[in-house]
Amino acid sequence: MKLSELFKKGKFVITSEIGPPKGTNVEPLLKEAEELKGKVDAINVTDIQSSVMRLGSMAVCKLLKDRGIEPVFQLTCRDRNRLALQSDLLSAYVLGIENVLCLTGDHTVLGDHPQSKPVFDLDSVNLLRAAKTLCEGKDMVGNNLDGSPDFCLGAVANPGADPLEPQIIKMEAKVEAGAEFFQTQTVYDVKQFEKFIRATEYLKVPIMVGIVMLKSAGMARFMNANVAGVYVPDKLIKIMAKASKEERPKKSIEITASLIKEMKGMCQGVHIMPLGWDKYVPDVLEKAGLI
């Protein structure tokens, strides 16, 4: 089911995220996904996340679909030219994949094959436009398609961008290009998110707040120092710093659930990024009152 249909019904949409393995052993991944089945509306499948070579997103999306789990196909511009991007979109739809998140992608120098050549023939805005054009029955140069897809297209946004205005301008461009919903960069500052929502409410597009589950105080400090637009308040860092290694999952669950409760009324959904802590997502949802 397309996420756009859930938004239209007024549902608070819940998505999580899994990363394909670096290899062919999909059993652990599928086990993680099964734990989320029936508890989330869809699961994002990352596309060579952080430019580290992995199993392909489309293949994993198909595996999820076959198991009755709705996937969100993340598609980045880093590795494919416009021919391959359009072809992969058509291929995904033929495999039953209806939800697509369009991303520019991390540069190859950040990954495990820094010598690889980046493509970036399109950026995320033009990828959205290309996907929308396919849905209208034509390719990027105006050729007619023999059968067209019907996607729900998503995009990303960063509520913590400073200054915020350029981010909003890009969001406008993404909406114009075809974005039907946004998933955000991780948010820990509720007031910052409220400011972002007020500044973008005129776009009238569903926004899903993103939350990465904190695993340690060190992780929080690293994000503050290295991830643009992410701010973990000191009070949350102190909670994680005081927790023993055994207590950290419990504290992370409490923090994530509390953030969801505080921001639920401001947005139309939540995107939880567990980074391997998938087994704790149901606990988060239960504590947040979502299941």
Side-chain angles (χ1 to χ4, degrees), residues 1-17 40-44 70-75 77 89 93 97-104 122-138 148-211 229-230 259-273 288-290:
M1 176 181 286
K2 295 194 293 183
L3 295 186
S4 53
E5 296 174 16
L6 299 179
F7 289 123
K8 288 176 183 176
K9 293 177 181 178
K11 187 183 187 305
F12 187 78
V13 176
I14 305 166
T15 56
S16 189
E17 183 171 288
V40 300
D41 296 300
I43 299 177
N44 282 37
E70 193 62 42
V72 177
F73 176 37
Q74 291 195 2
L75 182 63
C77 301
L89 283 165
Y93 190 74
I97 299 164
E98 299 178 288
N99 299 294
V100 181
L101 191 74
C102 297
L103 305 153
T104 299
L122 303 179
D123 62 11
S124 57
V125 174
N126 285 312
L127 177 56
L128 283 162
R129 189 170 290 117
K132 183 180 179 181
T133 300
L134 292 176
C135 292
E136 294 169 348
K138 294 183 180 295
S148 56
D150 183 18
F151 290 122
C152 172
L153 300 173
V156 295
N158 190 344
D162 186 20
L164 187 58
E165 288 72 20
Q167 183 71 195
I168 296 175
I169 291 170
K170 191 163 187 179
M171 288 176 71
E172 289 178 349
K174 289 179 177 180
V175 172
E176 187 276 330
E180 299 174 71
F181 70 95
F182 285 95
Q183 290 178 336
T184 77
Q185 172 64 284
T186 186
V187 176
Y188 302 101
D189 187 329
V190 176
K191 290 184 178 179
Q192 184 184 64
F193 185 66
E194 184 177 14
K195 177 184 175 183
F196 167 76
I197 289 297
R198 288 177 177 173
T200 57
E201 60 185 357
Y202 72 96
L203 294 174
K204 301 193 182 304
V205 175
I207 292 176
M208 303 178 68
V209 61
I211 305 175
V230 173
L259 289 169
I260 292 172
K261 285 181 178 179
E262 289 187 79
M263 294 185 282
K264 184 176 184 292
M266 305 178 197
C267 55
Q268 290 71 48
V270 62
H271 176 56
I272 302 172
M273 294 167 272
L290 296 179

Any side-chain heavy atom of Asn99 within less than 4.5 Å of one from Phe73? no
With a 4.5 Å limit on heavy-atom distance, are the side chains of Glu17 and Ile43 in contact? no
For Ile272, does its backbone N or O pair with a side-chain atom of Ser16 as donor and acceptor, under 3.5 Å? yes
Cys77 side, atom SG; Leu122 side, atom CG - distance, nearest 0.5 Å: 5.5 Å
Could you check whether any side-chain N or O of Glu180 sits under 3.5 Å from a backbone N or O of Leu153, counting only pairs where one atom can act as donor and the other as acceptor? yes
Check whether any side-chain heavy atom of Met208 sits under 4.5 Å from a side-chain heavy atom of Phe182, and report yes or no. no
Taking it one step at a time, do Asp150 and Glu98 satisfy side-chain contact (heavy atoms from CB on, under 4.5 Å)? CA-CA 7 Å; Asp150 183 18; Glu98 299 178 288; 6.0 Å; no
Look only at the side chain of Ser4 and the backbone of Cys152, and say whether a donor-acceptor pair between them is shorter than 3.5 Å. no
If you look only at pairs with a residue in residues 167-177, which of them pass as a side-chain hydrogen bond (donor to acceptor under 3.5 Å, both in side chains), with sequence neighbours excluded? Arg129-Glu176, Glu172-Tyr202
Using every non-hydrogen atom in the two residues, find where Phe7 and Gln268 come nearest and quote the distance to one decimal. CE2-O, 3.6 Å
Do any N or O atoms from the side chain of Gln183 and from the backbone of Val156 form a donor-acceptor pair under 3.5 angstrom? no
Output, in order, the C-alpha distance, side-chain angles, deciding distance and verdict of side-chain contact (heavy atoms from CB on, under 4.5 Å) for Lys138 and Leu134. CA-CA 5 Å; Lys138 294 183 180 295; Leu134 292 176; over 6 Å; no
Within the side chain of Asn158, is there an N or O that forms a donor-acceptor pair under 3.5 Å with the backbone of Gln185? no
Pairing of Lys9 and Glu5 as salt bridge, 4.0 angstrom limit: no
Between Leu290 and Val270, is any pair of side-chain heavy atoms under 4.5 Å apart? yes
Is it the case that atom NZ in Lys195 sees more than 12 heavy atoms from other parts of the structure closer than 6.0 Å? no
Within a strict 4.5 Å, meaning less than it, do heavy atoms of the Phe193 and Ile197 side chains meet? yes
Within the 4.5 Å heavy-atom criterion, are Leu101 and Phe181 side-chain neighbours or not? yes
Considering all heavy atoms of both residues, which atom of Leu164 and which atom of Ala199 are nearest to each other, and what is their separation? CD2-CB, 4.3 Å
Check the pair Tyr93 / Leu89 against side-chain contact (heavy atoms from CB on, under 4.5 Å), numbers first and verdict last. CA-CA 6 Å; Tyr93 190 74; Leu89 283 165; over 6 Å; no
Applying side-chain contact (heavy atoms from CB on, under 4.5 Å), run through Leu203 and Met171 and close with a yes or a no. CA-CA 8 Å; Leu203 294 174; Met171 288 176 71; 3.9 Å; yes
Answer with yes or no whether the side chains of Ser148 and Glu136 bring together a donor and an acceptor at under 3.5 Å. no
Would you say Thr186 and Met273 make side-chain contact, with heavy atoms under 4.5 Å? yes
On a heavy-atom basis, the closest approach of Cys267 and Phe12 is O-CE1, 3.9 Å
For the residue pair Thr104 and Leu127, establish whether any side-chain heavy-atom pair is separated by less than 4.5 Å. no
Can you see which heavy atom on Val125 is nearest to which on Ala173, and at what distance? CG1-O, 4.0 Å
